[in-house]
Number of protein chains: 2
Amino acid sequence: MGPHLVIVHSGAGFCRDAAVPAIRSLCTDICSETLKKLSDGSNAMEAVCMAIALLEDSPLTNAGRGSNLTREGEVECDASVMDGTSGRFGACGAVSGIEHPVYLARAVFDYQQTHRQNALGLVPPMLLVGQGAWKFALKEGVDTVPPESLITPASQRRFERITARFTALEASSEVAVPSSDADQAVDHNLEDEENDSMALDTVGAIAVDTLGNVAVASSSGGLQFKHSGRVGQAAIYGAGIWSETDDGDTYACCTSGTGEQLIETDLARQLCRSLIQEGPFEIASTVQKNFLRGGSADVSSPRYMGALLLQVSDWQKTGRAFVQVLHTTPTFCWAYASSKQEKTKVGLLYRCSEIVIYA
Amino acid sequence: MGPHLVIVHSGAGFCRDAAVPAIRSLCTDICSETLKKLSDGSNAMEAVCMAIALLEDSPLTNAGRGSNLTREGEVECDASVMDGTSGRFGACGAVSGIEHPVYLARAVFDYQQTHRQNALGLVPPMLLVGQGAWKFALKEGVDTVPPESLITPASQRRFERITARFTALEASSEVAVPSSDADQAVDHNLEDEENDSMALDTVGAIAVDTLGNVAVASSSGGLQFKHSGRVGQAAIYGAGIWSETDDGDTYACCTSGTGEQLIETDLARQLCRSLIQEGPFEIASTVQKNFLRGGSADVSSPRYMGALLLQVSDWQKTGRAFVQVLHTTPTFCWAYASSKQEKTKVGLLYRCSEIVIYA
């Protein structure tokens, strides 16, 4: 039995102290369960999908059940999966009525494998969205559910509160009041007494199996009060997740935060490339340069991100993994379990920009 | 009146000799009309949107009216616009019932400008898809049409032919016959006697206005017989279009070809970056290295691309532009008009991998 490990996060955001125990337990339990799955011989892709599905099931996370609602009061999810050896990627965006969006992303991924050679020269899709994605789910046996079943009482109350605030704002002035201050968003989120996880964004997971395969996955309910049809980084190639093999080492990254900023900065791919080209000590400056000062000219918005970053070399022999955790948000919640450790390590970072784990 | 220019393409693909005159006229006429708009004082963004809307109107192109149909027999389009100064980007994906998808992409782009500062900290979307995008179009005054009005008799016949071939293939064997040969796709496309533009892919346009602003736009009906909900490069940040300003020079690129391959290789952005970092003489080798040998491990598929690439420096003083045209497909159709030339230049390249225009 070779070494194996899993690392998950439940989002970069604004987690209140009162919510910490529940988030801690959630991340710890999911890591332990996923590690067991890996010990039982599951491959890395199966493991990350299970970890994400469990995160989607929890009403505490902004993924699957309990996701933020759109302006129309509906749940629309993005998800993606990627394999570090083949570089294959599958994703779904703005999907409603899917119990586990990550399994729909996985179905798109699997379809590429089974349909990549076709006498008509048809190229299989990488990203399916909306109703078309839902129909694909039906055909491929991915579980569909009544869309409203993914709405929780807490997500409904959050939606009603923000709708009221938005309506009041629109009534008070035709010109929105500028907000260039991150603290305003923080205050806003801290108001929610009912469900402290409301501001948590995209969830993610990375796993390495006993054979050294690396897989990464991500799932998100998207930004609060987003437009219907909006697609965020969790569905976009390069932005939400990345994994590749270079010179015998395998790299993987999953990001969380403000989707449009993560898309503009191609962040998951760029963090892996930075690790490959410049090594571990330049990652924080890559975030500074590429993310905090990167992207389009709209520098007035605060820039929110969190990321898990992994490198493994000669896995089966050494079982050595390098994990880096970064964020610019007030909190970032993650947990880590490895076959070499007795207990699952769990972290919930506050205002700390970088932590490095040598596993 | 400062110098101004426009360059458009109607797709990298498999254009038959018989179709050349119509494609030539289309590209030439649109360039002339767009140049006139620029002469009349329109900015680059307005100009590229008009050029793309005219390409969408033509049943000869795979964009807007006359687009390829999905497996369900419907038109679903992708489009995007980007501005070289601000780096702002707007896109729509898998949209039905939109007369000019490029104007919907433009509406997403404009919305970012008018809604970027918001007291609730809401971040405006970059990519809207499917029904949500259609509802956004309604709200923002983008023209909607009955979805079936975008289907032409020729696109319907193409759909019926490929459906018949697909059904026959599925009936003949459960395992698809491998096709690692580009010529098969070519043969397949050459069969179409009715509408020679069927295999033409994504259309694109780049303009520089009298003030030196650069804008780029793209629009696509997507791959033939694609899955409903499939999103291709014309909607994906970095893949289909790119424009940025670096050290006083502005760069722009629009790509055409197999969307999944263009997304994997982030091609529009990478071609601009190559031009910035390595100069014009390395572009062909960037295509070789990054596109033809880049992307995921699925090297059995032929790799199809075409691109327009532009660099302008000190525009108002010198009016000097550098335009490069590249493709790996049998044909790539483009036209070019500049205020410094009397006549619109039009090209339709056959089996030629690179052409450089110094304007």
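Keep in mind the model is a prediction, meaning the values are calculated, not measured. Just so we're on the same page: letters track the sequence lines, and every chain starts at 1.
- With chain A as partner, the option from Gly229(B), Gly238(B), Ala133(B) having the largest number of non-hydrogen pairs under 4.5 angstrom is Gly229(B).
- With chain B as partner, the option from Val123(A), Thr70(A), Leu127(A), Val108(A) having the largest number of non-hydrogen pairs under 4.5 angstrom is Leu127(A).
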Test log, rule side-chain hydrogen bond (donor to acceptor under 3.5 Å, both in side chains), inputs Gln233(B) and Thr202(B): CA-CA 9 Å; Gln233(B) 90 286 353; Thr202(B) 312; 2.8 Å; yes
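- Heavy-atom distances place the side chain of Glu72(B), and not its backbone, under 4.5 Å from chain A.
- Here the closest non-hydrogen pair linking Cys77(B) and Ser67(B) is SG-OG, 3.7 Å.
- Heavy atoms of Glu260(B) lying under 4.5 Å from chain A belong to its backbone as well as its side chain.
- Contacts of Ile236(B) with chain A are made by side-chain atoms alone, with heavy-atom separations under 4.5 Å and no backbone atom involved.
- Remark: the Ser228(A) side chain and the Glu76(A) side chain contain an N/O donor-acceptor pair separated by less than 3.5 Å.
- Contacts between Leu223(B) and chain A at a heavy-atom distance below 4.5 Å involve the side chain alone, from C-beta outward.
- For the options Thr258(A), Val231(A), Ile263(A), Val129(A), heavy-atom pairs under 4.5 Å to chain B are most numerous at Val129(A).
- Using cut-offs of 30° and 60° on the angle between ring planes, the pair Phe225(A) and Phe159(A) is tilted.
- For Lys226(B), no part sits under 4.5 Å from any heavy atom of chain A, backbone or side chain.
- Checked for salt-bridge contact, Arg273(A) and Glu244(A) meet the test: a charged N lies under 4.0 Å from a carboxylate O.
- For Ser256(A) (side chain) and Ala12(A) (main-chain N/O), a donor-acceptor pair under 3.5 Å exists by modelled atom type.
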